[in-house]
Amino acid sequence: MLLKRTHTCGELTKEHVGQTVALNGWVDAWRDFGGLVFIDLRDRYGVTQVVFEPEAGADLQSQARELRNEYVVGIRGTVAARLPGKENPKLKTGAVEVRAVELSVYNASPTPPFEINGPEPNEELRLKYRFLDLRRPELQRVFILRHEIGQLMRRVMTEMNFLEVETPVLGRSTPEGARDFLVPSRVHPSHYYALPQSPQLYKQLLMVSGFDRYFQIARCFRDEDLRATRQPEFSQLDVEMSFVEDEDVMTMMETLVAAMAKQFGGEELKLPLYRIEYHDAMERYGNDRPDLRYGLELKDVADVAEETEFRVFQQAKEAGYRIRGICAPGGAEKYSRKDLDGLTEFAGSFGAKGLVWLKVEAETFAGPTAKFFTKPEVQAKLRERFDAKAGDLILIVADTQAVTSQALSNLRARLAAELEMYDPRSFHYSWVIRFPLLAWDADENRYVAEHHPFTMPMAEDLPLLDTDPAKVRAQAYDLVVNGEEAGGGTIRCHDPVIQSKIFALLGLTPEEADEKFGFLLSALRNGAPPHGGIALGYDRLVMLYAGLTNIRDCIAFPKTAKGTDLMTGAPGTVAARQLRELHIRPNLD
RNA sequence: GGGGAUGUAGCUCAAUUGGUUAGAGCACCGGCCUGUCACGCCGGAGGUUGUGGGUUCGAGCCCCAUCAUCCUCGCCA
């Protein structure tokens, strides 16, 4: 029988003393004292202690004695103040307990595969029994936070006059970008829908339709290999607006970012947020999404290297390599020779063929290559370049632009963490702007879009489209939080002539462009307003504000690194009949 | 597709150099207990050491293969 609840397990206080209440929930713990039985009852609001006393009758007590962890029950009883000195300050409801007069067991439960309030089980088990895993208060807290972040997004966007519109999940495959998830059409043999990588084109079309300010918390799909912060399906706050340039989109988005920072980061943000151009970010941090909670900037030391007798540097110069480094304050004391070998190996994992390290001492440098850096002017220049003091550690990589950037930016992040150069609970928000429009793809022997193919070049760079496309900067902006890309967007190309020119640079013939994007070009020709937008990674923001390092814990039913669902068994096989209907013959080679 | 880590009781972990009967805490089962909330006390049960092969007098430990999970490179407009 259902004992319909009058309160949740998180709300009873001294004010309720004397009331008759009913609670529903799961048995979180039981303590049997023979004459007295305690049950901790849990729901998503909290835990309340229920006591079964002898006065309630032997039958009820013996029923209570049968209860085990994770049984789902309803109880009716009277709220009583706890005996003086017996309050539990760890519980919101710890000042009271419910003296049970009635118990209804809705469902028994076997001994669970792991303890809901015990140590965190391994992830395989958690994912297999996700419905139990999600009972754990740590995870419940994440999903409550996720809901609150979503609500804040909807409220702030609505206040700024944005309209929520849904776009299709079944769309058509686009040739650029990530691999698509495909859905075969039953009605049209050999034709396939694609799940959206983002609602990009639809939201642009909504601008052409005059919807002016659109948003959506949209599910996106990408069939690429997964990582700690990457799932095949994820959600983003997708935004598009008309009659704007890049500053307008950033300013608008800062309103939301400030609201989130205030509510979830406990911080009053100073606006506008710091902006850094892509080129400067790459130069100073070797990364287009630098973590700016700490300095540790990259410095070019090619000119100093030239003055040394170090062969590695001379060969680097001949190869046209860059010679760059960072200086870790206090690093010489922190890192042993063995640690430094570890750092060298770490740099090697990003392609660096070596890592020059110099321990800065009062008068000299120490280290296996220090003998190449003994000239007074070399010493002085390096100290000045890195603002190096005794006890610091200078790390130098000589390699291509890409390798020095990758190796040093990763070293930078690692050193800052290990040397505790920032508060890991703090947040730093910034914009990286003016990305290159195009990147040269040597494998495909053509340009590919750095962001996506619908991006507007910066007006002053438009002439370069014809002369030096690689130099064209885009009206693009990424929101970076703590070294993670929290979102990104662009001003779109609303001019069909420029759009066609970009398609051509991407290696699309006019016919191909028309075949793939004819509807977009048509829309652009039919009164497309200047427009642009942005998308914020919803799951990533939840992860950030929840203090997590893994996106799976921000998604109720996530996939493993190989894209499987350990609970449902997806992806699974299907009946031959289903395949026949879809005109698919499996290739079992 | 490549690299790395892990896999021991239901769970979290331990097990020295390859050497006795693979241990502990929690959970579980039985008993006792009227104020616990990490209850306590007494007793008990629970293991094909992921799987398959190999080396060895002897393998949780060494070798090979394989599976799973995690991290990572490539990839991710």
Side-chain angles (χ1 to χ4, degrees), chain A residues 28-42 47-56 61 65 68-70 80 82-91 93-94 97 99 109-129 132-133 173-180 196-198 200-201 220-232 234 345-346 348-351 406 410 435 437-439 441 443-444 447-455 474 476 485 488-490 502 506 517 535 537 549-550 552 559-564 566:
Chain A
D28 195 51
W30 54 279
R31 294 176 292 281
D32 181 359
F33 282 81
L36 207 55
V37 181
F38 293 100
I39 298 293
D40 291 340
L41 200 60
R42 182 192 71 238
V47 170
T48 300
Q49 174 167 284
V50 180
V51 58
F52 294 82
E53 298 172 305
E55 294 79 1
Q61 267 207 326
R65 208 160 271 137
R68 290 297 178 269
N69 288 349
E70 300 312 313
R82 296 216 188 168
L83 303 177
K86 301 294 184 186
E87 296 89 356
N88 184 349
K90 289 181 209 157
L91 291 183
T93 61
E97 63 194 3
R99 293 187 178 150
S109 172
T111 302
F114 53 85
E115 293 167 63
I116 304 303
N117 50 19
E120 181 164 298
N122 81 60
E123 193 152 4
E124 201 173 343
L125 197 66
R126 291 177 52 203
L127 292 176
K128 183 172 175 189
Y129 296 96
L132 296 180
D133 191 33
S173 182
T174 54
E176 299 281 328
R179 201 175 283 119
D180 285 318
Q197 299 174 25
S198 89
Q200 181 60 37
L201 294 176
C220 305
F221 305 86
R222 293 177 192 177
D223 188 7
E224 296 293 346
D225 284 358
L226 308 180
R227 289 283 192 287
T229 58
R230 221 191 286 160
Q231 280 277 298
F234 58 96
E345 194 182 322
F346 182 69
S349 72
F350 300 99
Q406 276 218 32
N410 281 290
F435 282 70
L437 183 73
L438 303 165
D441 186 322
D443 289 344
E444 298 200 31
Y447 286 105
V448 294
E450 185 73 33
H451 192 86
H452 62 58
F454 321 111
T455 300
E485 183 190 334
T490 63
I502 292 172
L506 295 173
F517 301 115
T549 53
N550 161 342
R552 289 184 297 277
K559 306 285 190 291
T560 67
K562 285 200 178 148
T564 61
L566 295 179

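The side chain of A/Ala228 lies closest to B/U72 when the candidates are B/U12, B/U72, B/U69.
No donor-acceptor contact under 3.5 Å links the side chain of A/Glu124 to the base of B/G50. At a cut-off of 3.5 angstrom, counting only N and O atoms as typed in the model, there is a donor on one side and an acceptor on the other between the side-chain of A/Arg230 and the base of B/C76.
Summarising the geometry, the separation between CZ on A/Arg31 and C1' on B/A38 is reported as 10 Å, rounded to the nearest angstrom. When rounded to the nearest whole Å, the span between CG of A/Asn117 and C1' of B/C26 equals 10 Å. Rounded to a whole Å, the CZ atom of A/Arg222 is 12 Å from the C1' atom of B/C75. Between A/Asn69 atom CG and B/C37 atom C1' there is a gap of 13 Å when expressed in whole angstrom units. For the pair A/Asn410 CG and B/G74 C1', the interatomic distance rounds to 14 Å; values are reported in whole Å. In this structure, A/Ile39 places its CD1 atom 13 Å from C1' of B/C39, rounding to the nearest Å. Note: NZ (A/Lys128) to C1' (B/G50) measures 13 Å, nearest angstrom. Per the geometry, CD belonging to A/Glu224 stands 14 Å off P belonging to B/C73, to the nearest Å.
Among the heavy atoms of the strands lying under 4.0 Å from A/Gln49 is at least one base atom, whether or not backbone atoms are also near. Base contact: A/Ser198 has a heavy atom under 4.0 Å from a base atom. If you check every strand for non-hydrogen atoms under 4.0 Å, A/Leu566 touches sugar and phosphate atoms only. Nucleic acid contact for A/Glu97: base, since at least one base atom lies under 4.0 Å from a heavy atom of the residue. Residue-level contact check: A/Gln197 touches neither bases nor backbone, having no heavy atom under 4.0 Å from any strand.
A distance cut-off of 5.5 Å between ring centres, combined with a plane angle under 30°, places A/Phe38 in a stacking arrangement with the base of B/U36.
Looking at residues two or more places apart in sequence or on another chain, you find a ring pair (Phe, Tyr, Trp, His ring centres under 6.0 Å) between A/Phe454 and A/His452, A/Phe517. For the side chain to side chain donor-acceptor pair (under 3.5 Å) test, no residue two or more places apart in sequence or in another chain qualifies with A/Ser109. Remark: A/Arg227 pairs with no residue by the salt bridge (Lys or Arg N to Asp or Glu O under 4.0 Å) rule, at least two apart or across chains. Under the rule for a ring pair (Phe, Tyr, Trp, His ring centres under 6.0 Å), A/Phe221 has no partner lying at least two apart in sequence or in another chain.
For the pair A/Asn88 and B/U36, the criterion of a side-chain N or O lying under 4.0 Å from OP1 or OP2 is not met. Contact between the side-chain N/O atoms of A/Thr560 and the OP1/OP2 oxygens of B/U69 is found at a separation under 4.0 Å. A sub-4.0 Å separation between OP1 or OP2 of B/U36 and a side-chain N or O of A/Lys86 is present. Close to B/U12, at under 4.0 Å from its OP1 or OP2, lies no side-chain N or O of A/Arg126. Proximity of A/Trp30 to the phosphate of B/A38: no side-chain N or O atom is located under 4.0 Å from OP1 or OP2. Within the 4.0 Å cut-off from OP1 or OP2 of B/U69, at least one side-chain nitrogen or oxygen of A/Thr564 is found. Contact check, A/Lys90 against B/A38: a side-chain N or O comes under 4.0 Å of OP1 or OP2.
A residue-by-residue look at A/Glu120 and A/Thr111 shows that A/Glu120 has its nearest nucleotide of RNA chain B further toward the 5' end. Both A/Leu125 and A/Arg99 sit near RNA chain B, but only A/Leu125 has its closest nucleotide nearer the 5' end.
Across the C1' atoms, B/A68 and B/G25 are found 27 Å apart, a figure rounded to whole Å. Comparing B/A22 with B/A45, their P atoms sit 14 Å apart, to the nearest whole Å. If you take atom P in B/C29 and the same atom in B/G10, they sit 15 Å apart, rounded to whole Å. A distance of about 11 Å separates the C1' atoms of B/G50 and B/U69, rounded to the whole Å. B/G35 sits 25 Å from B/C28 when the C1' atoms are compared, rounded to a whole Å. Separation of the C1' atoms belonging to B/A65 and B/C73 is 25 Å when rounded to the nearest angstrom. Nucleotides B/G43 and B/G4 place their P atoms 49 Å apart, quoted to the nearest Å. For the P atom pair drawn from B/C32 and B/U21, the interatomic distance equals 38 Å after rounding to whole Å.
Counting heavy atoms from C-beta outward, A/Arg222 and A/Arg230 have side chains that stay 4.5 Å or more apart. A/Arg42 is listed as a side-chain neighbour of A/Glu70, based on a closest heavy-atom distance under 4.5 Å.
A/Asp40 and A/Arg31 are joined by a salt bridge, as a carboxylate oxygen and a charged side-chain nitrogen come within less than 4.0 angstrom of each other. Looking at A/Glu123 and A/Arg552, a side-chain N of the basic residue comes within less than 4.0 Å of a carboxylate O on the acidic one, giving a salt bridge.
Applying the Watson-Crick and G-U wobble criteria (two distances, each under 3.5 Å), B/A65 pairs with B/U51. Pair assignment for B/G40 gives B/C32, based on Watson-Crick or G-U wobble hydrogen-bonding distances that are each under 3.5 Å. In this structure, B/G25 forms a base pair with B/C11, meeting either the Watson-Crick or the G-U wobble geometry with both donor-acceptor distances under 3.5 Å.
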Notebook entry, point to check: Yes or no on side-chain contact (heavy atoms from CB on, under 4.5 Å) for A/Ile116 and A/Leu132, after CA distance, side-chain angles and deciding distance?
Noted result: CA-CA 7 Å; A/Ile116 304 303; A/Leu132 296 180; 4.1 Å; yes
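A pairwise comparison of heavy atoms in A/Asn117 and A/Asp28 identifies ND2-O, 3.1 Å as the closest pair. The nearest pair of heavy atoms linking A/Thr490 to A/Ala476 is CG2-CB, 3.6 Å. Closest of all the heavy-atom pairs between A/Gly35 and A/Gln61 is O-NE2, 2.8 Å.
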Tabulated below should be each protein N or O lying under 3.5 Å from an N or O of nucleotides 30-32 of chain B; please produce it.
none

Could you pull out the protein-nucleic contacts involving nucleotides 1-4 of chain B (nitrogen or oxygen on both sides, under 3.5 Å)?
{"unit_1": "B/G1", "atom_1": "O6", "unit_2": "A/Asp225", "atom_2": "OD2", "d": "3.3"}

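Taking OG of A/Ser173 as the reference point, atom CD of A/Gln197 lies at 7.5 Å (rounded to 0.5 Å).
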